[in-house]
Protein chains: 2
Amino acid sequence: MPRTYRIGDLAQALAVSVETIRYYERESLLPPPARSEGNYRLYDQAQRQHLQFVLHCRALDMTHDEIRRLLKLREAPELECAEVNALLDEHIGHVTARIRALRALQSELRTIRNQCANPRATKDCGILHELAGSPAPTSRNAAALAVHDRPRRGR
Amino acid sequence: MPRTYRIGDLAQALAVSVETIRYYERESLLPPPARSEGNYRLYDQAQRQHLQFVLHCRALDMTHDEIRRLLKLREAPELECAEVNALLDEHIGHVTARIRALRALQSELRTIRNQCANPRATKDCGILHELAGSPAPTSRNAAALAVHDRPRRGR
DNA sequence: TGCACACCCTGTAGTAACTTCAGGGTCAAG
DNA sequence: CTTGACCCTGAAGTTACTACAGGGTGTGCA
């Protein structure tokens, strides 16, 4: 007989919050589970593994959309997994670009920080003077380059 | 006589959108400007520099809150700038931590990607099998570590 | 003078991936 | 029969913006 968990058990077992699990369900990252008489969600071993898959993907900073695509591919075992490879390659590309951008940022921050080695009156503070100038060409777009492209329409 | 710009001129001059400028005003990152007869915002040279300061800070990926703190310090020229230094050091720390996390992520992604060098049926795809397991201890918190801590209360 | 058109205004809602909260039900123990 | 731990739904808040609706302003041109 298959053991069932309630949402709190599952949350604790996988070290994630109850709200996050419910949220993933709304987001279609998890299938709607069975319900008890009192309308409590009941999960089994398969659903636990499903959630673990999703959590692993999130730990790798994939978006919900990427995860949904992977889940769909997982359900089509006869197809080739070239798409899985492509998705992962693309994701690695995002991460690499983000690291490069942050490195540029870091080096500019250090340069600025060096403007003021010894505390003095703020009116003479080299850092504040530096920040008053226009952004360095390197950092100009650095911060905008997230791991994932920001959405075009609104936030 | 001091030249004045309308919001569109200022936006173009500093390569930022009109909406962003209005948004910064609402966020108290910019002081409310003078208005024309027709209720148009009118900016002068000082406000232009103020905005440039803010934009530079944003290019360095500071939060609005950090920027507001810096702005306040800038208005107290007699105080010591030790706080400016501290703020910047802390910010550099965030960036450094984020880079470290992303490097760990990148290496785990590459490991996973290597599970499947040649396309085959998804049911045999090493990547999907890997993702089904529990997250590697390194990546477990990697994605959660943003440049800035995520807010505690809701989103 | 009338109108097109570029520009400006305010206010509201949408974005990602959650978290928090309000206002309630369920259920086992004491 | 009440207490307390747990569960439910639905709505709103978070960051830093962007987009859009519905309206005013102001200048050039016929």
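Residue numbers start from 1 in every chain, and the chains themselves are labelled A, B, ... in the order their sequence lines are given, proteins ahead of strands. Here the structure is a predicted model, which is why all the values come from computation and not from measurement.
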Colleague: Starting from P on D/dA16, measure out to CZ on B/Arg68 and report it in whole angstrom.
Modeller: 8 Å

Colleague: How long is the span from the CG atom in A/Leu51 to the CG atom in A/Leu29, to the nearest 0.5 Å?
Modeller: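 These two atoms lie 9.5 Å from each other.
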
Colleague: In whole Å, I'd like the distance from the OH atom of A/Tyr43 to the P atom of D/dC7.
Modeller: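 Between P of D/dC7 and OH of A/Tyr43: 10 Å.
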
Colleague: By nearest atom, which of the nucleotides D/dC7, C/dT19, D/dT18 is closest to the A/Ser17 side chain?
Modeller: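 Of D/dC7, C/dT19, D/dT18, C/dT19 is nearest to the side chain of A/Ser17.
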
Colleague: Using a cut-off of strictly less than 4.0 Å between a heavy atom of the residue and any atom of DNA chain C, enumerate the qualifying residues of residues 27-41 of chain B by number.
Modeller: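 Only B/Arg35, B/Asn39, B/Tyr40, B/Arg41 qualify.
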
Colleague: Taking only the side-chain heavy atoms of A/Arg26 (C-beta and beyond), determine which of C/dT19, D/dC17, D/dC7 contains the nearest atom.
Modeller: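 Nucleotide nearest to A/Arg26's side chain: C/dT19.
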
Colleague: For the pair made of CD1 in B/Ile21 and C1' in C/dC8, what is the distance, rounded to whole Å?
Modeller: 13 Å

Colleague: Enter the distance from B/His50:NE2 to B/Gln52:CD here, rounded to the nearest 0.5 Å.
Modeller: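 CD of B/Gln52 is found 12.0 Å from NE2 of B/His50.
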
Colleague: Tell me the interatomic distance from B/Ile7, atom CD1, to D/dT18, atom P, rounded to whole angstroms.
Modeller: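 Distance check: B/Ile7 CD1 to D/dT18 P gives 13 Å.
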
Colleague: So, is B/Tyr24 near the phosphate of D/dA16, with a side-chain N or O under 4.0 Å from OP1 or OP2?
Modeller: no

Colleague: Under 4.5 Å between any side-chain heavy atoms of A/Ile67 and A/His56, yes or no?
Modeller: no

Colleague: Applying side chain to side chain contact (heavy atoms under 4.5 Å, CB included) to A/Arg41 and A/Leu10, what does each step give before you reach the verdict?
Modeller: CA-CA 10 Å; A/Arg41 287 173 179 81; A/Leu10 186 59; over 6 Å; no

Colleague: Quick one: A/Glu19 CD to D/dT9 P, roughly how many Å, whole number?
Modeller: 12 Å

Colleague: Using atom CZ of A/Arg58 as one end and atom C1' of C/dT19 as the other, report the distance to the nearest whole Å.
Modeller: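 Distance, rounded to whole Å: 14 Å.
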
Colleague: Measuring from atom CG of B/Leu55 to atom OH of B/Tyr24, what distance do you get when rounded to the nearest 0.5 angstrom?
Modeller: 5.5 Å

Colleague: How close or far is atom C1' of C/dG25 from atom CZ of A/Arg6, stated in whole angstroms?
Modeller: 13 Å

Colleague: For A/Arg22, answer base if it contacts any base atom (sugar-phosphate contacts may also be present), sugar-phosphate if it contacts only those atoms, and nothing otherwise; contact means non-hydrogen atoms under 4.0 Å.
Modeller: base

Colleague: How close do A/Arg6 and A/Tyr43 get, counting heavy atoms only, and between which atoms?
Modeller: C-CD1, 4.3 Å

Colleague: Check B/Pro33 against B/Leu42 and note the closest heavy-atom contact, atom names and distance.
Modeller: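 In terms of heavy atoms, the two residues are closest at CB-O, 3.5 Å.
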
Colleague: Roughly, in whole Å, what's the span from CD1 in B/Ile67 to C1' in D/dA16?
Modeller: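 Rounded to the whole Å, the gap is 10 Å.
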
Colleague: Between B/Asp65 and A/Gly8, just flag the one whose closest nucleotide in DNA chain D comes earlier from the 5' side.
Modeller: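 With B/Asp65 and A/Gly8 compared, the 5'-side residue is A/Gly8.
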
